[in-house]
2 protein chains.
Amino acid sequence: MFSNSSKYAIKAVLYLSLHSNSTRKIMAKDIAQPINVPPAYIAKLLQELVRTDLVSSVRGPKGGFFMSKENNNQKVIDVLNVIDGEKKFTGCLLSLEACNEEKPCPLHNILSTSRQHMIKVLNEHSIADLALAVKNGKAYLPL
Amino acid sequence: MFSNSSKYAIKAVLYLSLHSNSTRKIMAKDIAQPINVPPAYIAKLLQELVRTDLVSSVRGPKGGFFMSKENNNQKVIDVLNVIDGEKKFTGCLLSLEACNEEKPCPLHNILSTSRQHMIKVLNEHSIADLALAVKNGKAYLPL
DNA sequence: GAAATAATATGATAAAAATCATATTTAGGA
DNA sequence: TCCTAAATATGATTTTTATCATATTATTTC
């Protein structure tokens, strides 16, 4: 459904949302272990997330990654769009160039509703929302 | 969302549903062109679909691929399961081993409904249903 | 301002998915 | 029975994705 990269990115951003802030930064290697992602890989993903303003960072000693208030308010779909690209959600389900609402492909026809709903939900929930669910014991991050 | 292979498989199966039957078989290369998929690739995919009883075939002269009545009644999700595997739909959205309904991951939490709906729809519609929509002008297969 | 630390940029390698190629088997027709 | 046509099995190649490694740059602290 989502690529490994996207899953890793979501996990990293969630971890940062739960454990970091502007005065409490976390190094790439210290994020990698708890979310079970290769350190070098998560480092590369984090760089991309920093470039696109989804995560904040400071170099040098006492530096690291963290989530600012603005970062926390970004929507879940923003992370997915940066890593997997928008077409993943908006593109035709059969990759037909000429597929659209007026002339939908057969899959579009039957899946359009649930897909729209999916996009809506990802658009409505911020990273902070997901983190809050974890804090409240309504969602979990095991292993 | 779906892999190229899955998209190709759906397109091939739809094409066969619309243009073939037990007395009108179609060769791999004659399927490849209209659905815009590499001939050798679609041939390989068709073999897998035949092995799993989603498509029928006859070798030799006058042979080819076709959809039997049973083939046409298979559900869309069956094709996707064969090509992409079931985990694509049932697996945790963050690939967490211990994620489940009782202890859902944050993504599971917000996407579960639309995902369930998606699976339901794919389970309810047969290949024939999709083909019918095309015949009735309710769905299209451009390019 | 020098030393140490941590992100950044860049590129190399490995694994998986997609694509291509071909020898083998089966079925039909002369 | 022999030739041809078509699927099948198998494997090679290419492309993409995932993973690993390292030299460079920025920042803090002494």
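Below, read A as the first sequence line, B as the second, and so on, with proteins coming before strands; counting in each chain starts at 1. The structure displayed is predicted, hence computed values, not measured ones.
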Pairing donors with acceptors under 3.5 angstrom, does anything connect the side chains of B/Ser17 and B/Asn72?
yes
With sequence neighbours left out, write down each residue that passes salt bridge (Lys or Arg N to Asp or Glu O under 4.0 Å) with B/Lys103, or none if nothing qualifies.
none
Where do N or O atoms of nucleotides 26-30 of chain D meet protein N or O atoms at under 3.5 Å, pair by pair?
{"unit_1": "D/dA26", "atom_1": "O4'", "unit_2": "A/Arg59", "atom_2": "NH1", "d": "3.0"}

Assess, by modelled atom type and distance only, whether the side chains of B/Tyr41 and B/Ser5 contain a donor and an acceptor separated by less than 3.5 Å.
yes
Is there any protein nitrogen or oxygen under 3.5 Å from a nitrogen or oxygen in nucleotides 10-15 of chain D, and what are the pairs?
{"unit_1": "D/dG11", "atom_1": "O6", "unit_2": "B/Lys44", "atom_2": "NZ", "d": "2.2"}

Within residues 17-41 of chain A: residues closer than 4.0 Å to DNA chain D (heavy atoms):
A/Pro38, A/Ala40, A/Tyr41
Hits for side chain to side chain contact (heavy atoms under 4.5 Å, CB included) against A/Phe2, two or more places apart or cross-chain, chain-then-number order -> A/Ser6, A/Lys7, A/Leu80, A/Asp84, A/Phe89, B/Leu93, B/Leu107, B/Leu111
Spell out, yes or no, whether A/Val13 and A/Tyr140 are grouped together once hydrophobic residues are joined by side-chain heavy atoms under 4.5 Å, including indirect joins.
no
From CG of B/Leu49 over to P of D/dA7, roughly how many Å is that when rounded to an integer?
14 Å
By side chain to side chain contact (heavy atoms under 4.5 Å, CB included) - contacts of A/Arg59 (at least two apart)
none
So, with a heavy-atom separation below 4.0 Å from DNA chain D, the residues of residues 77-99 of chain B are none
Atom CG of A/Leu46 to atom C1' of C/dT8: distance rounded to whole Å?
12 Å
What are the residues of residues 2-16 of chain A, sorted by number, that bring a heavy atom to within less than 4.0 Å of DNA chain D?
A/Ser3, A/Asn4, A/Ser5, A/Tyr8
B/Leu46 CG to B/Phe65 CZ distance, which is reported to the nearest 0.5 Å
4.5 Å
A/Ile42 CD1 to D/dA21 P: how many Å, rounded?
17 Å
Give a yes or no on whether the backbone of A/Lys138 and the side-chain of A/Asn136 come within a donor-acceptor separation of less than 3.5 Å.
no
Round to a whole Å and report the spacing from CD of A/Glu48 to P of C/dT8.
12 Å
Pairing donors with acceptors under 3.5 angstrom, does anything connect the side chains of B/Tyr8 and B/Ser3?
no
Residue list, side chain to side chain contact (heavy atoms under 4.5 Å, CB included) with B/Lys62, at least two apart or on another chain
none
Quick one: does any side-chain atom of A/His125 pair with a main-chain N or O of A/Val121 as donor and acceptor, under 3.5 Å?
yes
Can you tell me how far P of D/dA7 sits from CZ of B/Phe66, to the nearest Å?
12 Å
Residues which pass side-chain hydrogen bond (donor to acceptor under 3.5 Å, both in side chains) with A/Glu48, listed by chain and number, not counting sequence neighbours
none
Partners of B/Ser112 by side chain to side chain contact (heavy atoms under 4.5 Å, CB included), sequence neighbours excluded?
B/Glu101, B/His108, B/Gln116
Okay, side chain of B/Asn71, backbone of B/Ser56: is any donor-acceptor separation there less than 3.5 Å?
yes
For B/Asn109, the side-chain hydrogen bond (donor to acceptor under 3.5 Å, both in side chains) test, sequence neighbours excluded, returns none
